[in-house]
A.B. asks: 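Before we start, here is the structure in question, set down as structure tokens.
The basis for the numbers below is simple: all heavy atoms, side chains too, and nothing from hydrogens, waters or symmetry mates. When a ligand or atom number is given, it counts from 1 through the structure's own listing order.
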Amino acid sequence: MVGLLADKVAIVTGSSRGIGKAAALALADVGAKIVVNYASSSHSAQEVVSEIIANGGEAIAFQADVSNATEVDDMIKASMEKFGRIDVLVNNAGITRDTLLLRMKPEDWQAVIDLNLTGVFLCTRAVSKIMLKQRSGRIINISSVAGLMGNPGQANYSAAKAGVIGFTKTVAKELAPRGVTANVVAPGFIATDMTGDLKNTEEILKYIPLARYGQPEEVAGLIRFLAADPAAAYITGQVMNVDGGMVMH
Ligand code: NAP
């Protein structure tokens, strides 16, 4: 896959840490110039940029809250000014505000919907204008098994992640005539900061046939395939799980 994305540009939202970081490094590995988006971890984002540059690639860090339309537009503008095109968008930034339904405050609901669903809409809308003109592009949206099967304590998160799936299928249909694909990657339990605080690990492992958490690089491998491989040009509107067998369709 070496060089498959040479001269191509990828924006990975929330790529200062976790799955986004692994995706940024994997796409840089196949030659893409990377926009490393982050919300507040400027040091970590800069480290990702430094790692890409040290490996002979090109990257910039860009702070933007992707739930804010103005900040998203500024990020897309800066990416175009720096690199002149956008070929891949990975909508990865996400948060959780877990609590049971009866205790969930409207602000817990709204914060999760704003970033995990509205943020995906804002970034996709902004980037699709450019991809439609280019007549090519790959959009990869990160959902979750919670969006497919529900998860107690995650009504807000499950709703947002299920929303991402419906959104992606519509985008896939709207953009297909111009050669732009849109797919969903739905991870299960992946070892990142997001799952670092979970206490009921033994209980969780009972539901994972492969009986372990996944690694960010294992999700990034599928993202790289969808973003870079010529064979992925005929895949659109699909939901693919990287979950150790938790959800079997
Ligand atoms: P993580 O380690 O908590 O990292 C979250 C990333 O999102 C960070 O880079 C963070 O930036 C960024 N971010 C947070 N708020 C943002 C905002 N308002 N605007 C832009 N960026 C923002 O998360 P992760 O576990 O890698 O998860 C990545 C994605 O996979 C999420 O969509 C998550 O829902 C999904 N997912 C994760 C798992 C899992 O088990 N880990 C399972 C299924 C789905 P800062 O560093 O600046 O805060």
Side-chain angles (χ1 to χ4, degrees), residues 11-26 34-49 61-76 89-98 110-124 126 140-151 153-154 156-165 167-168 184-198 200-201 204-205 207-208 212-220 222-223 239-244 246-247:
I11 298 181
V12 184
T13 70
S15 49
S16 46
R17 300 184 274 127
I19 294 169
K21 175 182 176 179
L25 295 174
I34 311 289
V35 178
V36 177
N37 161 253
Y38 66 99
S40 56
S41 311
S42 59
H43 183 71
S44 306
Q46 206 48 58
E47 278 181 352
V48 177
V49 168
F62 198 93
Q63 179 185 26
D65 172 357
V66 296
S67 65
N68 179 307
T70 309
E71 293 186 29
V72 168
D73 289 345
D74 288 347
M75 175 171 72
I76 304 308
L89 170 67
V90 183
N91 279 307
N92 165 81
I95 52 164
T96 51
R97 293 273 186 282
D98 295 355
Q110 202 58 50
V112 170
I113 298 291
D114 283 352
L115 177 59
N116 298 16
L117 182 56
T118 308
V120 175
F121 156 67
L122 292 172
C123 291
T124 305
I140 296 135
N141 295 330
I142 310 305
S143 177
S144 166
V145 291
L148 291 165
M149 60 195 280
N151 195 23
Q154 293 198 312
N156 48 3
Y157 185 78
S158 307
K161 293 301 191 182
V164 165
I165 293 172
F167 172 76
T168 308
V184 171
V185 170
F189 285 88
I190 309 299
T192 69
D193 294 345
M194 186 176 271
T195 50
D197 291 340
L198 295 178
N200 51 341
T201 308
I204 290 169
L205 292 183
Y207 297 97
I208 307 174
R212 65 172 176 86
Y213 279 26
Q215 292 302 314
E217 292 72 21
E218 293 177 304
V219 183
L222 177 58
I223 295 171
V239 181
M240 283 168 238
N241 290 38
V242 182
D243 63 2
M246 272 185 90
V247 178

A.B. asks: With heavy atoms of Phe189 as the reference, note each atom of ligand 1 found under 4.0 Å away.
C.D. replies: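 Near Phe189, the atoms of ligand 1 are 40 (O).
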A.B. asks: Which residue supplies the protein heavy atom nearest to atom 16 (C) of ligand 1, what is that atom called, and how far is it?
C.D. replies: Ala39 CB, 3.5 Å
A.B. asks: Once you round to the nearest 0.5 Å, how far does CG of Leu198 lie from CD1 of Ile204?
C.D. replies: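 The distance works out to 4.5 Å.
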A.B. asks: Distance under 4.0 Å to a non-hydrogen atom of Ile19: what atoms of ligand 1 satisfy this?
C.D. replies: 26 (O), 30 (O), 37 (C)
A.B. asks: List the closest protein heavy-atom neighbour of atom 7 (O) of ligand 1: residue, atom name, distance to the nearest 0.1 Å.
C.D. replies: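 For atom 7 (O) of ligand 1, the nearest protein heavy atom is Gly14 CA, 3.6 Å.
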A.B. asks: Lys161: heavy atom below 4.0 Å from ligand 1, yes or no?
C.D. replies: yes
A.B. asks: Taking non-hydrogen atoms only, is Ser44 closer than 4.0 angstrom to ligand 1 via side chain, backbone, both or neither?
C.D. replies: neither
A.B. asks: Could you name the option among Val72, Ile142, Asp114 that has the heavy atom nearest to atom 30 (O) of ligand 1?
C.D. replies: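 Checking each option, the heavy atom nearest atom 30 (O) of ligand 1 is found in Ile142.
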A.B. asks: Do side-chain atoms of Asn37 reach the backbone of Ala64 as a donor and acceptor pair under 3.5 angstrom?
C.D. replies: yes
A.B. asks: Check each atom of ligand 1 against the heavy atoms of Asn92 and keep those under 4.0 Å away; list them by number with element.
C.D. replies: 28 (C), 29 (C), 30 (O), 31 (C), 32 (O)
A.B. asks: Looking only at protein heavy atoms, identify the closest one to atom 9 (O) of ligand 1 and say how far it is in Å.
C.D. replies: Ser16 OG, 2.7 Å
A.B. asks: Could you check atom 1 (P) of ligand 1 against the protein and tell me its nearest heavy-atom contact, residue, atom and distance included?
C.D. replies: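 Of every protein heavy atom, Arg17 NH1, 3.8 Å lies nearest to atom 1 (P) of ligand 1.
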A.B. asks: Closer than 3.5 angstrom, by distance alone: can the side chain of Gln63 be matched with the main-chain N or O of Ala39 as a donor-acceptor pair?
C.D. replies: yes
A.B. asks: Identify, for atom 42 (C) of ligand 1, the protein heavy atom at the shortest distance, and state residue, atom and that distance.
C.D. replies: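 Scanning the protein heavy atoms, the shortest distance from atom 42 (C) of ligand 1 goes to Gly188 O, 2.8 Å.
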A.B. asks: Relative to ligand 1, is Ile190 under 4.0 angstrom through side chain, backbone, both or neither, heavy atoms considered?
C.D. replies: both
A.B. asks: Just jot down the ligand 1 atoms closer than 4.0 angstrom to any heavy atom of Tyr38, in number order.
C.D. replies: 47 (O)
A.B. asks: Tell me whether ligand 1 is touched by Ala64 - counting only heavy atoms on the residue side and a distance under 4.0 Å.
C.D. replies: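 Yes, Ala64 has heavy atoms under 4.0 Å from ligand 1.
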A.B. asks: Please examine the side chains of Val12 and Val36, heavy atoms only from C-beta on, and report whether any two atoms are closer than 4.5 Å.
C.D. replies: no
A.B. asks: So, does Asn68 use its side chain to make a donor-acceptor pair with the main chain of Glu71 at under 3.5 Å?
C.D. replies: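 Checked: pair present.
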A.B. asks: Tell me the protein heavy atom at minimum distance from atom 36 (N) of ligand 1, and give that distance in Å.
C.D. replies: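 Ranking protein heavy atoms by distance from atom 36 (N) of ligand 1, first comes Tyr157 OH, 3.4 Å.
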A.B. asks: Hey, which atoms in ligand 1 end up nearer than 4.0 Å to a heavy atom of Ser40?
C.D. replies: 45 (P), 47 (O), 48 (O)
A.B. asks: I'd like to check Val90 versus Ile142 (side-chain heavy atoms, cut-off strictly below 4.5 Å). Are they in contact?
C.D. replies: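 Val90 vs Ile142: side chains touch.
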A.B. asks: Is any side-chain heavy atom of Ile19 closer than 4.5 Å to a side-chain heavy atom of Ile223?
C.D. replies: yes
A.B. asks: Of all the heavy-atom pairs spanning Pro216 and Gly18, show the shortest one and how long it is.
C.D. replies: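 In terms of heavy atoms, the two residues are closest at CB-O, 3.8 Å.
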A.B. asks: Which atoms of ligand 1 have any heavy atom of Thr195 under 4.0 Å away?
C.D. replies: 39 (C), 40 (O), 41 (N)
A.B. asks: Please state which option from Gly18, Ser42, Gly94 has its nearest heavy atom closest to atom 5 (C) of ligand 1.
C.D. replies: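 Checking each option, the heavy atom nearest atom 5 (C) of ligand 1 is found in Gly94.
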A.B. asks: Got a donor-acceptor contact below 3.5 angstrom from the Thr96 side chain to the Asp98 backbone?
C.D. replies: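 No, Thr96 side chain to Asp98 backbone: no donor-acceptor pair under 3.5 Å.
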A.B. asks: What is the distance from atom CG of Asp193 to atom OG of Ser44, rounded to the nearest 0.5 Å?
C.D. replies: 8.5 Å
A.B. asks: Tell me: protein heavy atom nearest atom 15 (N) of ligand 1, and distance?
C.D. replies: Leu115 CD2, 3.4 Å
A.B. asks: One residue to check: Ser15. Relative to ligand 1, which of side chain, backbone, both or neither has a non-hydrogen atom less than 4.0 Å away?
C.D. replies: backbone
A.B. asks: Provide, to 0.1 Å, the distance between atom 25 (O) of ligand 1 and the closest protein heavy atom, together with that atom's residue and name.
C.D. replies: Thr192 OG1, 2.5 Å
A.B. asks: Taking the side chain as C-beta and beyond, is there a heavy-atom pair between Asn116 and Val164 under 4.5 Å?
C.D. replies: no
A.B. asks: Of the listed options (Gly20, Gly214, Pro187, Ala45), which comes nearest to atom 43 (C) of ligand 1 when hydrogens are ignored and any heavy atom counts?
C.D. replies: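 Going through Gly20, Gly214, Pro187, Ala45 one by one, Pro187 has the nearest heavy atom to atom 43 (C) of ligand 1.
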A.B. asks: Which residue in the set Val239, Thr13, Val185, Thr124 passes side chain to side chain contact (heavy atoms under 4.5 Å, CB included) when paired with Asn141?
C.D. replies: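 Of Val239, Thr13, Val185, Thr124, side chain to side chain contact (heavy atoms under 4.5 Å, CB included) with Asn141 is met by Thr124 alone.
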A.B. asks: Is there a donor-acceptor contact under 3.5 Å from the side chain of Thr118 to the main chain of Ser67?
C.D. replies: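 Such a contact is absent between Thr118 side chain and Ser67 backbone.
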A.B. asks: Any atoms of ligand 1 less than 4.0 Å from a non-hydrogen atom of Ser41? List them with their elements.
C.D. replies: 45 (P), 46 (O), 47 (O), 48 (O)
A.B. asks: Provide the number and element of each atom of ligand 1 under 4.0 Å from a heavy atom of Asn37.
C.D. replies: 20 (C), 21 (N)
A.B. asks: To the nearest 0.5 Å, what is the distance between CG on Leu122 and CD1 on Ile76?
C.D. replies: 10.0 Å
A.B. asks: Contact between Phe62 and Ile11 at the side-chain level, heavy atoms closer than 4.5 Å - yes or no?
C.D. replies: no
A.B. asks: Applying a 4.0 Å heavy-atom criterion (strictly less than), which segment of Ala191 is in contact with ligand 1: side chain, backbone, both, or neither?
C.D. replies: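 No part of Ala191 is near ligand 1 at this cut-off.
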